[in-house]
Amino acid sequence: QVQLVESGGGLVQAGGSLRLSCVASGRTFSSYAMGWFRQAPGKEREFVAGISWSGRNTYDADSVKGRFTISRDNAKNTVYLQMNSLKPEDTAVYYCAADRTGVIRVEETWYEYWGQGTQVTVSS
């Protein structure tokens, strides 16, 4: 069992930055691939970024490539999402999720555990 708790969301102006954190409980965190997803009002949840269990491999959605960076610290059971050059269209609830296969997946059905989400609002 893995429990995930996100933090770091908030209100920021366009062009600004935020760093989201997701802390996981459980001793098996380091074996899980981790993903960040987001859901904007009236839209389906979408993949944002993923990182393999070791942290050696990452993958970003085209919409955030070059602006967002996913990373992890297995010693702290934490995964991060550094978000720079934020745009109003980045406004959404952001979720972290854990996938026991350890491999980056885009499809949310692979992810077994989810956090409660943190709101990110970007004003123009």
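Just so you know, these numbers come straight off a predicted model, no measurement behind them.
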Gap separating the OH atom of Tyr80 from the CG atom of Asp73, nearest 0.5 angstrom: 5.0 Å

By side-chain hydrogen bond (donor to acceptor under 3.5 Å, both in side chains) - contacts of Ser25 (at least two apart): none

Any donor-acceptor pair under 3.5 Å from Glu6 side chain to Gln116 backbone: yes

Salt bridge flag under 4.0 Å for residues Arg38 and Asp90: yes

Least distance between heavy atoms, Arg45 atom then Phe37 atom: CG-CB, 3.8 Å

Salt bridge (Lys or Arg N to Asp or Glu O under 4.0 Å): pairs with one or both residues in residues 113-124, sequence neighbours excluded: none

Reported CZ-to-OG distance for the pair Arg19 and Ser7, which is rounded to 0.5 angstrom: 9.0 Å

Euclidean distance, Phe47 CZ relative to Trp110 CH2, rounded to 0.5 Å: 14.0 Å

Exam field: side chain Arg67 to backbone Ser85, donor-acceptor pair closer than 3.5 Å: yes

Summary of salt bridge (Lys or Arg N to Asp or Glu O under 4.0 Å) pairs that have at least one residue in residues 114-124, sequence neighbours excluded: none

Other ILVMFWY residues reachable from Trp36 by side-chain steps of under 4.5 Å: Val2, Leu4, Val12, Leu18, Leu20, Phe29, Tyr32, Met34, Val48, Ile51, Val64, Phe68, Ile70, Val79, Leu81, Met83, Leu86, Tyr94, Tyr113, Val120, Val122

Over 12 non-hydrogen atoms of neighbours within 6.0 angstrom of CD in Glu107: yes

CD-CG distance between Gln119 and Leu11, expressed to the nearest 0.5 angstrom: 9.5 Å

Neighbour count above 12 (heavy atom, 6.0 Å) for Trp114 CH2: yes

Residues which pass ring pair (Phe, Tyr, Trp, His ring centres under 6.0 Å) with Trp53, listed by chain and number, not counting sequence neighbours: none

Exceeds 12 heavy-atom contacts within 6.0 angstrom, atom NZ of Lys65: yes

Contact summary for Ala92 and Ala40, nearest pair of heavy atoms: CB-N, 3.8 Å

From Asn74 atom CG to Ser30 atom OG, the distance as rounded to the nearest 0.5 Å: 5.0 Å

From OG (Ser124) to CD (Gln13), nearest 0.5 Å: 9.5 Å

Please output the side-chain donor-acceptor pairs of residues 95-104 that fall under 3.5 Å, not counting sequence neighbours, one pair per line with the distance.
{"from": "Asp99", "atom 1": "OD1", "to": "Thr101", "atom 2": "N", "distance (Å)": "3.0"}
{"from": "Asp99", "atom 1": "OD1", "to": "Thr101", "atom 2": "OG1", "distance (Å)": "3.1"}
{"from": "Asp99", "atom 1": "OD2", "to": "Thr101", "atom 2": "OG1", "distance (Å)": "2.9"}
{"from": "Arg100", "atom 1": "NE", "to": "Glu112", "atom 2": "OE1", "distance (Å)": "2.6"}
{"from": "Arg100", "atom 1": "NH2", "to": "Glu112", "atom 2": "OE1", "distance (Å)": "3.2"}
{"from": "Arg100", "atom 1": "NH2", "to": "Glu112", "atom 2": "OE2", "distance (Å)": "3.0"}
{"from": "Thr101", "atom 1": "OG1", "to": "Val103", "atom 2": "N", "distance (Å)": "3.4"}

